[in-house]
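Here's the structure, in structure tokens; my notes come after.
Residue numbers begin at 1 in each chain, while the letters A, B, ... track the order of the sequences.
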Amino acid sequence: MNLFSDIRHLVIDALQSMQAAGDLPTDLDFTNVAVEPPRDALHGDMATNAAMVLAKPAGKNPRAIAEGLAERLLASDVITSADVAGPGFLNLRLAPTAWTAIVPSALAAGADFGRSDMGAGLKVNVEYVSANPTGPLHVGHTRGAVFGDALASLLDFAGYDVTREYYINDGGAQVDVLARSVYLRYLEANGQKVSFPDGTYPGDYLKQVGEAVKTKYGDTLIDQPEEAWLAELREFSTEAMMDMIRADLAQLGIKMDVFYSEKSLYGTGQIEAAIKSLDEKGLIYEGTLDPPKGKLPEDWEPRQQTLFKSTEHGDDVDRPVKKSDGSWTYFAPDIAYHYDKVQRGFDQLIDVFGADHGGYVKRMKAAVSALSDGRVPLDIKLTQLVKLYKNGEPFKMSKRAGTFVTLRDLVDQVGSDATRFVMLTRKNDAPLDFDFDKVLEQSKDNPVFYVQYAHARINSVLKKTSEAGIDADSLIAGADINLLNADAETSVIKKIAEWPRLLELAAKHNEPHRVAFYLYDLASEFHSLWNAGKDDPSLRFLQEDALEATASKLALIRSVQVTLAAGLILLGVTPIDEMR
RNA sequence: GGACCCGUAGCUCAGCUGGAUAGAGUACCUGACUACGAAUCAGGGGGUCAGAGGUUCGAAUCCUCUCGGGUCCA
């Protein structure tokens, strides 16, 4: 039940009856007509911009339209007042029963409260993490992982058919580096003293892989030339790294539907097919790029190469798909990979990248636009950097020295729930400060705690009820929700009613952080109502001498709990029943 | 040099894709436990939405330029 879309339907109906009566032209587009919560609650329960949006195309005065609309809306028993305000806003008030109906609706839906069919089963592919298989996931990957996973859940909840996908970059030179590094660890496992020159990975995490190589191959690879072991170790090490990465993701409760290998694109004709597809559209040519504008790199020289005319699809310059020596660029397999996604029949693609891949956005969008003839939209979400703090001090890490903070470090220290929630309390395109101490702090300064506390507090009330010998569930089932008429209660109900609408907006804009902020607001409404009971005993949840009132209040807070739980689960955070 | 992201209260950030008097937390000041957890709540002060133009009924939001920070650039 989405009260806002219900009322919007009423508005559209009224507008259509105005058209039928000749008060409005018949060829109007209603898509921009919105019904929203007013910024200031004093204005009413809901506001619509219909009159202002339609004034120009209808060639009429907005206030005149609004007045006609108000007259028709008042015929409904749901609308109790409709006032024209300002330049042509129409402020509506709803009958109290319209609001309270959200409570049983939430209770009946339970964990599915807010689920929407907005996505209409469209197939969406969300690609995220996609970290190189050369080591464990670190903090930056964690943010992308959490964001991508919450986004995927959000879209699923909003009625899309979602595929979660990880692209394994196992085709490039970095996998050779990995294999050589593992070889060194293998030698080490065989008792040799080794050092790690520049261009190898010195991290300790490869020690166990070296051991595993020894277990499998014994001493047969020692003193062998690189050609003898490189291909085998590349395969072996990539597998080992992916096992490690899968385990890391599992720590956050993330499970991918598809792991897609870059390597699988080579030698199978898939890259060639993708480039051919572009070629057939006249978008591939042999040419020379202009030098980069401004400062010229020292070693710049014009080179003939195979180029993709990405400028025809919104890019700034054309992009090479083959180097001058005839080998593929990194871009070519990326094109082939996205071509494959298009061919798998996805209606929408979403890529979650780290901010350092910002430069790829335009060319990737151009490629997908070209490959799908503009049919499949690609949205690319960049997650900005995470800055770590400990005791208020920036926490330094160095990838070169192998001392970076891993996903595992984070989860071990603060837990999966806190890690996930905190990472979602910022827009993806804003940098994030992650303070180890703050995340564990038990105060309202810490949103994880604050929201969990509200959920647990409600549980505590329900527990208290049963301790008093009252069966809360049957009481709630028989509750007369229209007893909930105090302002403090209505305010909570209105916040609950916003949930289905908020969820659709968050899904529409691919912004899971809105869910996190909403949950904080809802928790705040609840804490506020709790405290109101101290000044006004009639607002207390448990009133043993007034069971009917108690029933309605328990129904209310239980619906708050249901909403909090639905939102938390969506973000991958466990709603807890008791604070430690 | 160019591209992308960001700039909102002292600090950390929201702001529902163009709506009404720009909101939270924190910090500061004042107040509320005979209680279902005060791990919370109520109230107060605090703003040139980086700056300047433009678009229109209406701009923190869209466009242009400038300044500042970040990321990237065969």
A:Glu548, CD atom: more than 12 neighbouring heavy atoms under 6.0 Å: no
Taking the same atom, C1', in B:rG46 and in B:rC11, what whole-Å distance lies between them? 13 Å
Any side-chain N or O of A:Ser528 below 4.0 angstrom from OP1/OP2 of B:rA42? yes
Taking the side chain of A:Met52 as heavy atoms from C-beta outward, which of B:rU40, B:rC16, B:rG19 is closest to it? B:rG19
With P as the reference atom in both, quote the distance from B:rG7 to B:rC16 in angstrom, rounded to an integer. 12 Å
Would you tabulate the nitrogen or oxygen pairs shorter than 3.5 Å linking the protein to nucleotides 21-27 of chain B?
unit_1, atom_1, unit_2, atom_2, d
B:rG25, O2', A:Asp445, OD1, 3.4

Starting at CD1 of A:Ile65 and ending at C1' of B:rC57, how long is that distance when rounded to a whole Å? 13 Å
Does one side chain, of A:Asp351 or A:His357, offer a donor that lies under 3.5 Å from an acceptor on the other? no
Of the listed B:rC4, B:rA14, B:rG15, the closest approach to the A:Leu382 side chain comes from B:rC4
Which one, B:rU17, B:rC36, B:rC41, comes nearest to the side chain of A:Asn531? B:rC41
Side chain of A:Lys534 only, please: which of B:rA38, B:rC13, B:rC57 is the nearest? B:rA38
Answer yes or no for this row: A:Phe517 ring on B:rA14 base, centroids under 5.5 Å, planes under 30°. no
Please tell me if the side chains of A:Met52 and A:Phe89 come closer than 4.5 Å, counting only heavy atoms from C-beta onward. yes
Using the P atom on both, measure B:rG25 against B:rG53 and round to a whole Å. 35 Å
Could you list by number each residue of residues 359-367 of chain A showing a heavy-atom separation from RNA chain B of less than 4.0 Å, or answer none if no residue does? A:Lys362
Say we look at B:rC6 and B:rG15: how far apart would their P atoms be, to the nearest angstrom? 11 Å
Spacing of the P atoms in B:rU55 and B:rG70 (rounded, Å): 35 Å
Do the side chain of A:Asp535 and the base of B:rA32 come within less than 3.5 angstrom through a donor-acceptor pair of N or O atoms? no
Cationic N near anionic O, under 4.0 Å, A:Glu504 to A:Arg501: no
Stem ranges for RNA chain B, with three or more consecutive Watson-Crick or G-U pairs under 3.5 Å? B:1-7 with B:67-73, B:10-13 with B:23-26, B:28-32 with B:40-44, B:50-54 with B:62-66
Tell me whether the OP1 or OP2 atom of B:rA14 has a side-chain N or O from A:Lys427 closer than 4.0 Å. yes
A:Tyr285 side chain to A:Asp318 side chain, donor-acceptor N/O pair below 3.5 angstrom: yes
Would the base of B:rC36 count as contacting A:Arg457 through its side chain, where contact means a donor and an acceptor less than 3.5 Å apart? no
Check every atom of B:rC16, B:rU17, B:rA20 against the side chain of A:Pro38 and return the nucleotide holding the closest atom. B:rA20
OP1 or OP2 of B:rC41 versus the side-chain N and O atoms of A:Tyr453: is any pair under 4.0 Å? no
Pair A:Lys553 + A:Glu489, salt bridge at N-O below 4.0 Å: yes
Could you check how far CG of A:Asp356 sits from C1' of B:rG70, rounded to whole Å? 12 Å
If you count heavy atoms of other groups shown closer than 6.0 angstrom to NZ of A:Lys387, is the number above 12? no
Please examine the side chains of A:Ser310 and A:Lys362, heavy atoms only from C-beta on, and report whether any two atoms are closer than 4.5 Å. no
